[in-house]
Every structure is written in C-alpha cells, then in structure tokens.
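None of these values were measured; they are calculated from a predicted model.
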Amino acid sequence: MTAQTTASGFPWVMTILLAFATIIYLTFVANLLGARGSDAAGRGMALGFAAFQGLALWLVIGILFAIAFYRGSMPGYAMAAAIVFVPLSAIAAASATGLYMERHGEWLIAVPIALPPLLALYAFWARFTGWHDALPSGPTTAVLGGAVVLLTIVPLVLTTIEFMPNPERDAAREAAAKAQEAEYKKRQEEAEAAEAAKFAKLGPDSSLRDYLEFLPPGHTRFKDAVAGARLVKTRNADARALLDEGMIGELADLWDLRVDPLAVCQAYGNALKGMASKVSRSQRAYISAALDIEWQLPNIEWLVGAKCDLGDALTEAETRIAQIALG
C-alpha cells in the first residue's frame, strides 16, 4: 500500500469537493423525503433522481477518502474498512430507502440521510491533521466508524430477512393485499352507486348545472347526460348564467344541448374573451389556455352559423394565439 504523505496548507481541493457533495446531498435528501408523499409517477421520478444523485454523492465520498488517505493521516485499518464499507454503505442506503418506501419503518430514512455526512466528516477529519490532537484517531474512528458500520449492517440484514422465505409473513401480506383490494372495490362500487342514484334524480326540472359533472367527453354517462340536458326547461337561462360565471370550459358541447344560440350569444362572447385573456406568456398555463380555445371551435362554428357576432372575442383570441406562436 502506498505510504501516506501529510500535506501542509489549506486543503482547497477537499473543501471544494465537500461543497459540491453538500449540494448533491441536499437535492438527494429533498427527493428522498418528497418521494413517499407523491403519486406513483411522482414517486418514481423522485426516486430516479435520488438514485443518480446518490451515485454521484458516493463517488465524491470515495474521492474524499482517497484524498484523505494520501494527503492526510488515516489509520491503515480505517482505509481498509473504508474500501469495504463506502460502497457497501451505498447499497445499504438504497436498501433502507426501499424498505422505507414499503413502510417497514419510518426510522429507515435516517440511513441514507445520516451515512453521507458521517462518511464525509470522517474523511474531512483525516485530511485536517490539525484536528487529531483534539480528536484522537482511536476514539474518532470508533465513534464515526461504528456509526457507519451500524447504519450499513442493519438495513442489509433487514433486507436479507425480507427476501428470505417466510410462509406465514407472505400469507399475511397476501391476505392484507386481498383485503385492501376488496375495500377499494367496495368503495368504488359505492361511489358508482351514489353517482347512479344522483343521475337518476335528474330530469327536465333540473338545472343545466346539475348535469355538468356528467358532461365531460369520455364520462361513462356522457351520452345520457347530453340527452337529459337537452330536455332541461331552463337550459337557455342556465347556460347564460354558467357562461357569465366563466364556465365556458365546462360547456364545450354547448352546441349539442339544443340551447338557443342567440340567447347565449353575448354571454358566450364575454366568456370567450375571458378565456382568450389567459393566452399570454405572463400566465403560467398559457399553452393550456390556447388549447382550451381549440376545444371551443364547434361552439364557435355553431354560434357564428346562427348569426351570433363574436367578432371582438375572436379577434382577441386570434391575436393572442398568434403572439405566442411567434414567440
């Protein structure tokens, strides 16, 4: 093994690497802590980022240990242990994260969070030889090294146990999964029954507003909802009131509801202007707003064909869409 050579002067390379590792570490922890509170897609994305950040983080930690050994003062046995436990700790961190995500213990998240600072701190101690009088090699290695070993071994043992055959545990988990699936199916059936009962109460004396939740294209009751909405006695006044409230997006199929086009002409024009006002780069969802106007084309064609004057609203919409298209 190459002999150590204690370097004098401030360890700039070590400090810069540590600062870089700190930045990676903070984003790594943020993704870990945010993963379990997300949906499946968000959780997968967060864990994917965390995996890449973790790989980079442990690579930097390995470099820190190499610098600490060759340019600082580290016991040979500690370096030998580091060669084993630095990569092994990365595996342990990944294992603990997996167990934590599967809810095998809240404390497991402490493993990937605590290991990098402990490892980096020991490497930094080894490089800063001036600390060694106040922090002797034996006790420092025992405390920091012992913590690293403990946090590495425990999740690896738990993971090994997790993958060992255990008929009783597997049967219990299978039963719990079936019970959860049955509960989900029950809630779904109850929701469908409640929706069916709610829809069954609708009729000509209902308002057009009552039909709105069933009118989005793709809804299982869409066709029946359109047929029912066509019979609503107050559909002209209801449509006008909804448009006055800016609910033009919910009325993408207004043309198909047998509403008098001239009765809603002015209200629709005002609502379309309001929708067009959102097509601006100053608005966060301006592209989505432009696409919403595209969904209104059947309504626009229907109203224009009925001699409804939408000139001002259409001009504003066309101008704003052209502006974002040209950048």
Side-chain angles (χ1 to χ4, degrees), residues 1-29 32-33 50-51 53-100 104-162:
M1 183 178 290
T2 304
Q4 292 177 269
T5 57
T6 302
S8 60
F10 189 81
W12 288 107
V13 175
M14 190 82 168
T15 303
I16 292 170
L17 283 173
L18 187 64
F20 180 57
T22 300
I23 295 171
I24 300 174
Y25 172 75
L26 292 176
T27 56
F28 170 70
V29 171
L32 285 182
L33 295 178
Q53 291 157 352
L55 182 63
L57 181 58
W58 258 267
L59 179 60
V60 174
I61 288 172
I63 296 173
L64 291 177
F65 268 87
I67 294 173
F69 181 74
Y70 288 110
R71 305 293 289 172
S73 178
M74 183 188 300
Y77 66 85
M79 190 58 195
I83 292 173
V84 175
F85 277 93
V86 169
L88 202 61
S89 66
I91 298 172
S95 299
T97 301
L99 293 173
Y100 168 75
H104 288 279
E106 299 293 325
W107 67 270
L108 285 161
I109 194 62
V111 174
I113 291 176
L115 277 172
L118 289 171
L119 290 165
L121 182 60
Y122 186 81
F124 217 60
W125 166 84
R127 178 62 182 86
F128 274 89
T129 55
W131 292 0
H132 292 192
D133 290 337
L135 299 171
S137 175
T140 302
T141 301
V143 172
L144 294 179
V148 169
V149 170
L150 180 65
L151 289 173
T152 299
I153 295 298
V154 171
L156 292 178
V157 170
L158 292 177
T159 302
T160 301
I161 294 172
E162 180 68 16

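Residues Met14 and Ile67 share a closest heavy-atom pair of SD-CG2, 3.8 Å. Taking each heavy atom of Ala68 and Met74 in turn, the nearest pair found is CB-CE, 3.8 Å. In plain terms, the two heavy atoms of Thr27 and Ile24 that are nearest each other are OG1-O, 2.8 Å. Pairing each heavy atom of Leu57 with each of Ala21, the nearest pair is CD1-O, 3.5 Å.
Under the rule for a side-chain contact (heavy atoms from CB on, under 4.5 Å), the partners of Val149 that lie at least two apart in sequence or sit in another chain are Phe85, Ile153. Residues that satisfy the side-chain hydrogen bond (donor to acceptor under 3.5 Å, both in side chains) test with Thr152, not counting sequence neighbours, are absent from this structure.
The aromatic rings of Phe128 and Trp131 lie parallel to each other, with less than 30° between the two planes, well short of the 60° mark.
Atom CD of Gln53 and atom CD1 of Ile23 lie 12.0 Å apart (nearest 0.5 Å). Between the OG1 atom of Thr22 and the CG atom of Leu17 there is a distance of 10.5 Å, given to the nearest 0.5 Å.
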Could you pull out all donor-acceptor pairs under 3.5 Å where a side-chain atom in residues 107-126 meets a protein atom, sequence neighbours excluded?
| residue | atom | partner | partner atom | Å |
| --- | --- | --- | --- | --- |
| Tyr122 | OH | Thr141 | OG1 | 2.7 |
| Trp125 | NE1 | Leu135 | O | 3.0 |

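Applying the salt bridge (charged side-chain N to carboxylate O under 4.0 Å, His left out) test to residues at least two apart or on different chains, the pairs with a partner in residues 151-162 are Glu162-Arg173. The stretch residues 75-97 participates, sequence neighbours left out, in these side-chain hydrogen bond (donor to acceptor under 3.5 Å, both in side chains) pairs: Trp58-Ser89.
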